[in-house]
Amino acid sequence: MIAVIKIGTPQSQVDNLIDWIESQNVSVHVSAGHYQTVLGLIGDTSKIDMELIENLDIVDTVKRISEPFKSANRKFHPDDTVVDVSGVKVGGGNFAVIAGPCSVESHDQIIEVANKVKASGANMLRGGAFKPRTSPYDFQGLQADGLELLIEAKKQTGLPIVSEIMNANHLDLFEEVDLIQVGARNMQNFELLKELGRTKKPVLLKRGLANNLKELLMSAEYIMAGGNENVILCERGIRTFETYTRNTLDLAAVPMLKELSHLPIIVDPSHASGISRLVKPMAFASVAAGADGLMIEVHNDPLNALCDGAQSLTPEQFDDVSKKVQRILEVVRS
């Protein structure tokens with residue numbers, strides 16, 4: 001349920017209403033926008049008298065929300081959420097470019113890539129330390145050592161770092177990671193999501209291989225229900241019957257999620273296509289669709305990469321994409 005407060009209502013009266021609602025064993029999420037204040041009632045609202053609230057002088061309208069996701073719902077929070085990742089803002093007109101290798105392989109590799117993507121306009125550095133792989137015989141990442149190398153790259157470049165977590169027991173290792181990524185395979189690892197909800201660290205939540213948008217938003221709800229509202233959604237392609245590409249990039253998800261939710265949404269065209277030559281057009285299309293950012297895999301030697309070399313751009317290719325993305329952004333925003 002949401003209650004929209006009339007413009008100009010004294011804060012003391014709003015506080016009195018909130019106190020009364022909370023006395024009914026219902027929590028209240030307050031969204032104070034530029035033009036209106038929305039009170040989102042979360043919990044068992046079946047016993048709340050809608051007419052009683054609606055007839056109050058300070059209340060404009062009252063509506064029941066049918067969707068199961070509440071905190072992530074735009075009806076609860078009409079204005080775009082802006083997530084601050086160590087000074088880099090995502091959402092609300094702020095565009096983020098996250099770039100780096102699929103996995104951290106060595107000191108020289110991550111430092112070289114970090115410096116080059118920064119020079120080309122990336123404002124966050126990605127790199128996998130713990131790698132979920134389909135085959136148990138594939139490279140699983142350098143794990144804790146990989147995180148240390150990422151942190152070293154962060155110190156040298158100043159770029160906030162992004163890395164994927166696979167186990168809640170690893171949270172202590174991610175203390176200096178600026179944006180914790182939840183991969184597609186863990187989108188519905190609810191115990192992990194609950195633990196991330198207890199932190200205040202920003203979370204990048206990737207859509208699962210075969211999950212719909214409602215399921216993605218319900219996973220975001222798990223994190224937000226724990227008190228952590230710093231969630232960024234990521235469309236990374238879904239599994240369909242198509243075999244020419246690794247996944248099928250669902251670009252319609254971007255404007256649809258913007259209708260449904262106030263959370264920022266970025267696109268990963270690397271995993272979506274699985275083919276490096278398709279990353280560029282898919283990145284352009286993502287920007288045109290209204291994405292709040294891109295996540296692109298960049299490797300200094302893709303042919304010899306230990307992980308996902310086929311979908312990685314060289315630093316030179318990334319530089320070209322980054323410059324043209326900025327030109328498309330100018331057109332979209334004009």
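Counting from 1, the numbers follow the sequence of the chain as shown. Since the structure is predicted, the reported quantities are computational estimates derived from the model, not experimental observations.
- Using modelled atom types, one finds a donor on one side chain and an acceptor on the other under 3.5 Å when comparing Asn211 with Gln188.
- Using a 4.5 Å cut-off on side-chain heavy atoms (C-beta onward), Trp20 and Ile53 make contact.
- To the nearest 0.5 Å, atom CG of residue Leu313 and atom CD1 of residue Ile296 are 6.0 Å apart.
- One hydrophobic cluster, built from ILVMFWY side chains closer than 4.5 Å, cannot hold both Ile98 and Leu159; they sit in different ones.
- Ala283 and Pro269 make their closest contact through N-CB, 4.0 Å (heavy atoms, listed as atom of the first residue, atom of the second, distance).
- One distance of note links OG1 of Thr157 with CD1 of Ile111; it measures 7.5 Å at 0.5 Å rounding.
- Across all their heavy atoms, Met187 and Gly208 have their closest contact at SD-N, 3.2 Å.
- Between Leu17 and Val59 there is a side-chain heavy-atom pair separated by less than 4.5 Å.
- Residues Met282 and Leu294 fall within the same hydrophobic cluster, defined by Ile, Leu, Val, Met, Phe, Trp and Tyr side chains chained together at heavy-atom separations under 4.5 Å.
- In terms of heavy atoms, Val62 sits closest to Ala3 at CG2-CB, 4.3 Å.
- The closest side-chain heavy-atom distance from Thr81 to Val231 is not below 4.5 Å.
- Side chain of Asn228 to backbone of Lys201: a donor-acceptor contact under 3.5 angstrom is found.
- Without hydrogens or angle criteria, Lys154 side chain to Ile161 main chain gives no donor-acceptor distance under 3.5 Å.
- Counting only distance, with no hydrogens or angles, the side chain of Lys6 and the backbone of Asp57 share a donor-acceptor pair below 3.5 Å.
- A salt bridge links Lys75 to Glu67: at least one charged side-chain nitrogen sits closer than 4.0 Å to a carboxylate oxygen.
- Between atom OG of residue Ser23 and atom CD1 of residue Ile18 there is a gap of 12.0 Å, rounded to the nearest 0.5 Å.
- When all heavy atoms of Ala114 and Ala153 are compared, the pair lying nearest together is CB-CB, 4.0 Å.
- Between Phe76 and His29, the ring planes lie tilted relative to each other; the angle falls in the 30° to 60° range.
- Within 6.0 Å of the CG atom in Asn55, the count of heavy atoms belonging to other residues, nucleotides or ligands exceeds 12.
- When the shell of 6.0 Å around CG of Asp19 is examined, it contains more than 12 heavy atoms from other residues, nucleotides or ligands.
- Here CG of Leu251 is found 4.0 Å from CG of Leu249. Values are rounded to the nearest 0.5 Å.
- The distance from the CG atom of Leu217 to the CG atom of Leu233 is 6.0 Å, given to the nearest 0.5 Å.
- No side-chain donor-acceptor contact under 3.5 Å links Ser312 to the backbone of Pro302.
- Looking at every heavy atom in both residues, Ser71 comes nearest to Met224 through O-CE, 3.4 Å.
- Remark: the backbone N or O of Pro10 is not paired with any side-chain donor or acceptor of Gln13 at under 3.5 angstrom.
- Between the side chain of Gln109 and the backbone N or O of Asn300 there is no donor-acceptor pair closer than 3.5 Å.
- The hydrophobic clustering, which links ILVMFWY residues whose side-chain heavy atoms are closer than 4.5 Å, places Leu193 and Phe174 together.
- A salt bridge links Lys194 with Glu191: the distance from a Lys NZ or Arg NE/NH1/NH2 to an Asp or Glu carboxylate oxygen falls below 4.0 Å.
- Without hydrogens or angle criteria, Ser27 side chain to Ile42 main chain gives a donor-acceptor distance under 3.5 Å.
- In terms of modelled atom types and a separation under 3.5 Å, the side chain of Arg64 and the main chain of Thr45 share a donor-acceptor contact.
- Lys116 places no side-chain N or O within 3.5 Å of a backbone atom of Glu316 that could act as its donor or acceptor partner.
- Residues Asn73 and His262 approach most closely at O-CD2, 3.4 Å, considering heavy atoms.
- Once rounded to the nearest 0.5 Å, the distance linking CZ of Arg126 with OG of Ser163 reads 8.0 Å.
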Can I get a per-line list of side-chain donor-acceptor pairs under 3.5 Å for residues 326-334, giving both atom names and the distance, sequence neighbours left out?
from: Arg333; atom 1: NH2; to: Gly93; atom 2: O; distance (Å): 3.0
from: Ser334; atom 1: OG; to: Val331; atom 2: O; distance (Å): 2.7

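- Checked options Lys206, Arg207, Arg236; the residue passing with Asp268 is Lys206 (criterion: salt bridge (Lys or Arg N to Asp or Glu O under 4.0 Å)).
- The closest donor-acceptor contact from the side chain of Lys258 to the backbone of Ile265 lies at 3.5 Å or more, if one exists at all.
- A side-chain donor-acceptor contact under 3.5 Å links Glu105 and His299.
- At a threshold of 4.5 Å between side-chain heavy atoms, the hydrophobic network of Ile, Leu, Val, Met, Phe, Trp and Tyr places Leu204 and Leu263 in two separate groups.
- Around atom CD of Glu51, no more than 12 heavy atoms belonging to other residues, nucleotides or ligands sit under 6.0 Å away.
- Both Val279 and Phe95 belong to a common hydrophobic cluster when Ile, Leu, Val, Met, Phe, Trp and Tyr are linked at side-chain heavy-atom distances under 4.5 angstrom.
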